[in-house]
Amino acid sequence: TEEINQFNPSNATDVENFRLKFLVSKGIVKALFEEFKTVSPEEKRVLGKVLNEFKQLAENKFNEAQSQFAGAPSTQNKREEGDLTLPGEGFQLGSRHPLSLVRKEIVEIFKKLGFIVAEGPEIEDDWHNFSALNFPPEHPARDMQDTFFVEKRDGNDIALRTHTSSVQVRLMEMGKPPFRAIMPGRVYRNEAISARAHCFFHQVEGLYVDENVSFADLKQTLFHFVQELYGEGTKVRFRPSYFPFTEPSAEMDISCTICKGDGCNLCKYSGWVEILGCGMVDPNVLENCGIDSKKYSGFAFGMGIERITNLKYEIRDLRLFSENDVRFLSQFETEI
Ligand code: PHE
């Protein structure tokens, strides 16, 4: 009784030792009750009461001490914590967004060719998005239909960039040739949202400016890119096109990687899918950015990441990319 009354634990281990000494089946309380069975009936009457009080005292002391150290792990819990054979708890990892995966893949291919990665603002002025890129003042692309305008400013309206070509201008204004860069980013166009169009999407722009850069360099670079991205043997074809900032301009198709030419609705049964616009940088653009167009020439290209991703993963609805439906997203690679 003395010992119990003076019991003053300083941690959970003390409490546990107390329990082991007094309260377990081989402890003192139990032992006394065993002994109690052997005494005479007269003694039992007296001792019974004493013994029950003793037991009560030990239990009360234990409960009180235990609540004092509640939360601290008991020796038993500690043993459990260290049990390395217990199955681990599952930890749910997210997955990469398919557009991030493909952007990364594109960037890696061009990095190996010596291209650096550059970025520019999504809110852009007219100069960088249009004027410097040789868009004539009345060009339909400046129309309210396509462009989200943010603010009217005398001759230099602020808008959401409609393409990543604006980053070409920023890059060239900033430095001196040679330039060899790819520029991934989000672009905005005022279009009704459907399976085939969205008010924002993603592009990767490419620019290579140096002495003696030719259309042959452009073709070989893009041909190599397609072999790396879609596999050896993927065919490419160039069709003449028009962009204000390139001359000559072209669009590049690849042989449909989904149906291999047998006909599917991604290539609209033609066997070919357009994946990018490109061309030789118009000398006017070089001059607008302070670059001597007699000394330097260059090529540029721009591709939509969504289109490239659709082909890689057979995705047929652009809206999936921005709806955040986990059933769609969880199908893609997890990366730590
Ligand atoms: N900026 C063009 C577009 O958005 C693509 C392009 C980029 C074309 C570079 C030629 C050169 O359609």
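Counting starts at 1 for both ligands and their atoms, following the listed order. All heavy atoms count here, side chains included; hydrogens, waters and symmetry mates do not. Numbering of residues begins at 1 and proceeds along the displayed sequence.
The one candidate from R161, R186, R170 that meets the salt bridge (Lys or Arg N to Asp or Glu O under 4.0 Å) condition with E124 is R170.
Closer than 4.0 angstrom to ligand 1 lie heavy atoms from H163, S165, Q168, R189, Q203, E205, F243, F245, T246, G277, C278, A300, F301, G302.
Evaluation of the side chain to side chain contact (heavy atoms under 4.5 Å, CB included) rule for E274 yields R239, E251, D253, R307 as partners, not counting sequence neighbours. With sequence neighbours excluded, the residues forming a side chain to side chain contact (heavy atoms under 4.5 Å, CB included) with L51 are L32, F33, F36, listed by chain and number. Looking at residues two or more places apart in sequence or on another chain, you find a side chain to side chain contact (heavy atoms under 4.5 Å, CB included) between K312 and V102, E105, L229, Y230.
In this structure a side-chain-to-backbone donor-acceptor pair under 3.5 Å is present from D157 to R153.
Electrostatic pairing of E34 and K37 counts as a salt bridge here, judged by a charged N lying under 4.0 Å from a carboxylate O.
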